[in-house]
Amino acid sequence: MELPAAAMRRVWLRSCGAASRPNVFPRGFLSNPASRRKCLSTSSRRSIAAAEIDFDGPQSAPPPSGDSLPERPQGAPVNLDRLRIVPASPSYFTARPNFTDDLLRLRQVLRRYEALPLAPPGSAPKVAWKTFGQYKGTSMEPVKVSRYNLILDVLKRLNQIHPSLVPEEVTEELSKFKRHVDPHAYKPPPPQLDQWGRAMSVGKRKSSVARVWLVEGEGEVLVNNKTLAQAFARVHDRESAIWPLKVTQRIDKYNVWALVHGGGTTGQAEALTLAVAKAMLTHEPLLKPVLRRAGCITRDPRRVERKKPGKLKARKMPAWVKR
Amino acid sequence: MILRQLALRQGRRTLSAQSCRPWRRYLSSEVDRIEDSLQKSSQETHSIESMVNAHTKQSVPSIGNAIDATTEPGSMVEEWHLYQHMRNTIGRSGSDIMPHYKPHVLVNHPPGPAHISLELLLASQCHLGHSTSLWNPANSRYIFGVREGIHIISLEQTAAHLRRAAKIVREVCLRGGVVLFAGTRDGHERCVVKAAELAGGCHLFDRWTPGSITNGQQLLEHCRMKVVNEFDEEVPGFENQLQSMPVIKPDLVVCLNPLENFVLLRECGQNNIPTIGIIDTDADPSWVTYQIPANDDSLRSVQLVAGVLGRAGEEGQEARKKAAREGKITFRPPPHLEQPQAAAERPELEKGERVDPIEFMHGKRPQRADGAAKEEWGYGEA
């Protein structure tokens with residue numbers, strides 16, 4: 001049967017099922033109230049709410065699952081007719097009940113002791129709190145770092161209470177989140193000379209890495225098995241490589257054996273500066289202020305900046321055109 | 001001679017070695033050191049106490065109980081206890097303040113359904129709707145009029161709907177239902193938690209994880225359930241049965257900001273879970289089953305509604321427990337619960353052991369280590 005075009009289209013749409021499910025979810029409708037209004041007024045405002053409860057009807061309370069009641073076993077110690085299955089925590093539907101309960105409990109404790117005086121700023125005890133990984137590992141819950149930081153905020157505020165007035169409850173709550181490790185207790189062993197009197201150290205600059213073995217000697221320098229003149233063509237680079245020795249007038253006191261890789265000439269030379277300075281500190285720690293003033297101690301953190309889209313290099317913009 | 005007479009008149013202070021003291025006094029506003037002033041003030045307090053105790057029948061609590069010999073004079077502990085003591089004794093002196101609105105009272109001690117009045121709703125700013133250009137015409141039945149460019153919600157409607165919602169919450173709690181109070185805006189946390197606590201239900205004040213009802217088996221699998229008797233005491237022994245029980249769905253959802261929780265309300269609708277929501281003039285009333293036309297932007301208004309519904313739930317819980325004490329059960333027990341002993345007797349599968357359903361169909365049963373079939377596994381011979 002030949003139908004008019006509009007009717008044909010309606011029949012086709014109905015058969016596809018497109019008209020039966022209007023798009024109530026245009027993208028971004030939740031964020032913009034104006035667009036939300038517009039789309040809701042144009043789309044069919046089909047009710048999404050469930051039916052009303054009929055308290056007086058025959059099926060007054062819909063059964064949780066299934067219909068038949070259990071058979072009462074003979075001589076049963078537990079009366080199954082008087083039992084209910086309920087969530088163990090009121091935070092059940094948050095999908096992270098343990099985390100939510102922890103946060104609520106801490107906030108409640110804070111509210112109770114909010115008026116207590118605080119320790120002078122900066123003098124609160126230094127505490128190593130549980131890391132996010134450690135906290136998340138205790139339970140299989142989808143907790144995010146930002147949410148865990150809420151707990152940390154409350155813990156840090158509770159930690160600020162004046163030490164002489166901290167209640168027992170607060171101490172108990174804080175200890176659940178402490179790592180019980182003194183971060184200042186571990187001190188790495190100081191660098192030492194090996195059995196041949198060498199000090200080994202590493203220095204880096206840009207993408208160059210230099211390993212240096214410094215030993216008392218006559219003033220020989222070998223970089224990648226080459227002399228300083230062969231390794232570095234530029235005089236400035238040669239000077240940079242042994243700058244710590246030059247500044248302290250100890251060029252003829254030490255021998256340098258260096259292995260450098262990565263980067264270019266300047267990077268390698270500056271990496272050597274840092275490495276030689278660190279090795280010298282192993283021999284003579286008292287040289288530190290001198291070397292610091294000479295600029296040999298600080299590791300230069302600058303690296304090559306990446307190229308960005310829309311620019312020719314990291315910062316260079318293409319030539320501006322009017323249109 | 002003149003000097004000696006001066007000393008006799010002024011006392012020992014003037015003869016003190018610290019001759020620079022007088023000019024320092026003129027320069028600084030603090031006359032004494034903090035420790036000395038504290039000592040003086042505590043001495044004064046004791047003297048005032050003894051005077052008051054001598055003249056009046058009511059005795060003033062002594063400060064000496066909090067501070068003992070071990071507290072250092074001038075320490076933070078002593079200062080704090082002195083401050084507390086002064087607050088307790090003379091803090092209330094002064095003018096009488098008229099009864100006024102205290103925000104924390106609305107959260108901690110909310111009014112019940114019996115206290116709903118138009119004055120209370122008006123004072124809690126429940127009548128303030130949104131700009132007239134932002135309204136949803138489906139809410140026209142709730143709107144009283146227009147003022148200052150905004151719609152005013154009819155408080156008679158609000159009161160009636162709020163009372164209806166309170167009755168629903170009370171009846172659901174009476175029948176042992178799980179009510180979920182959801183309010184995801186800043187500031188909703190406290191009233192939502194309090195309402196859930198009163199009604200014995202659940203709370204949600206952070207983002208609703210989509211699928212917690214429709215895909216609950218996956219999202220809420222790790223959340224613990226418990227089996228309780230009619231007096232809400234937990235009954236142990238059902239842990240292994242609970243592992244195979246389906247995830248709990250709420251029986252009623254109260255949403256304080258439906259505009260931001262469309263997904264939650266839609267999931268409830270798909271699962272036949274009735275919802276109550278605060279419908280402002282720009283919200284869609286068809287999103288919830290039972291509307292409460294009120295202002296959803298004012299914290300005071302939201303806290304009032306949440307508090308009233310929480311109190312209604314509390315009444316329902318009380319009624320349920322009262323019926324339980326009289327031996328009446330107002331709820332339906334779950335259908336597939338077994339006795340804990342019967343379940344324990346059935347040996348569980350060992351860890352990692354799986355039963356292939358096809359092989360099971362063809363008669364293969366889990367084997368014990370010695371090769372014999374686990375006949376007592378409960379399904380009998382093939």
Side-chain angles (χ1 to χ4, degrees), chain A residues 24-25 29-30 33-34 36-37 40-41 45-53 55 60-70 73 76-98 100 104 107 116-117 119 139-142 147 162-165, chain B residues 75-77 80 134 136 138 168 171-172 175-178 180 193 196-197 201-204 206 209 212 219-220 222-230 235 242 245-246 248 250 260 262 265-266 268-269 272-275 282 284 286-290 329 331-337 339-340 342:
Chain A
V24 204
F25 282 110
F29 89 105
L30 271 174
R36 189 168 62 220
R37 251 188 314 125
L40 284 175
S41 62
R45 277 195 233 115
R46 210 108 358 132
S47 169
I48 60 169
E52 293 196 0
I53 304 175
F55 287 109
S60 48
S65 58
D67 285 314
S68 57
L69 292 170
V78 175
N79 193 345
L80 296 174
D81 286 344
R82 292 168 176 246
L83 299 180
R84 288 188 300 150
I85 299 179
V86 294
S89 157
S91 313
Y92 183 84
F93 294 103
T94 61
R96 42 192 83 83
N98 292 335
T100 311
L104 286 174
R107 284 185 172 162
L116 286 176
S139 62
M140 305 295 297
E141 289 184 358
R147 297 297 187 272
H162 201 276
S164 57
L165 287 166
Chain B
S75 67
M76 180 61 78
V77 179
W80 172 250
L134 295 175
N136 188 324
I168 288 158
E171 294 297 310
V172 168
R175 286 163 176 74
V178 172
L180 170 64
V193 168
E197 188 191 314
C202 294
H203 53 240
L204 175 80
D206 208 351
T209 309
S212 298
L219 294 177
L220 302 183
H222 56 273
C223 302
R224 196 173 87 84
M225 297 186 276
K226 62 181 179 183
V227 174
V228 297
N229 62 9
E230 68 267 36
V235 181
L242 283 175
M245 283 283 168
I248 297 172
E260 277 103 36
F262 180 83
L265 296 171
R266 193 153 180 270
C268 291
N272 290 326
I273 299 169
T275 47
D282 63 343
D284 193 335
S286 64
W287 285 9
V288 296
T289 316
Y290 302 100
I329 301 300
F331 52 85
R332 280 210 194 182
H336 299 306
L337 268 186
Q339 289 293 328

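Below, chains carry the letters A, B, ... as their sequence lines are ordered, and counting in each starts from 1.
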Atom group of [X] that falls short of 4.5 Å from chain A, counting heavy atoms:
X      : answer
B:V288 : backbone
B:I273 : backbone
B:V235 : side chain
B:N229 : both
B:L265 : both
B:I168 : both

Separation of [Y] [atom2] from [X] [atom1] (nearest 0.5 Å):
X      : Y      : atom1 : atom2 : result
B:N272 : A:I53  : CG    : CD1   : 11.0 Å
A:R96  : B:D206 : CZ    : CG    : 6.5 Å
A:S89  : B:H203 : OG    : NE2   : 6.0 Å

_Exam field: side chain B:Q339 to backbone A:V78, donor-acceptor pair closer than 3.5 Å_ = yes
*Do the side chain of B:H222 and the main chain of A:A95 share a donor and acceptor less than 3.5 angstrom apart?*
yes
*asked:* So A:R84 and B:P333, do their side chains get closer than 4.5 Å, heavy atoms only?
replied: no
*Given side chains that start at C-beta, do those of B:E230 and A:N79 come closer than 4.5 Å, heavy atoms only?*
no
Can you name the closest pair of heavy atoms from [X] and [Y] and give their distance?
X      : Y      : value
A:P97  : B:C223 : CD-SG, 3.6 Å
B:M76  : A:L165 : CG-CD1, 3.7 Å
B:I248 : A:F93  : O-CE2, 3.4 Å
B:I329 : A:R82  : CD1-CG, 3.6 Å
A:A49  : B:T289 : CB-N, 3.4 Å
A:A51  : B:P274 : O-CB, 4.0 Å

*Which region of A:L104, side chain (C-beta onward) or backbone (N, CA, C, O), has a non-hydrogen atom less than 4.5 Å from a non-hydrogen atom of chain B, or is it both or neither?*
side chain
*Please flag which part of A:T94 lies under 4.5 Å from any non-hydrogen atom of chain B: side chain, backbone, both or neither.*
both
*Most chain A-contacting option - heavy-atom pairs closer than 4.5 Å, from B:C268, B:G177, B:C202*: B:C202
*asked:* Looking only at heavy atoms and a cut-off of under 4.5 Å, which of A:P142, A:S164, A:S139 has the most pairs with chain B?
replied: A:S164
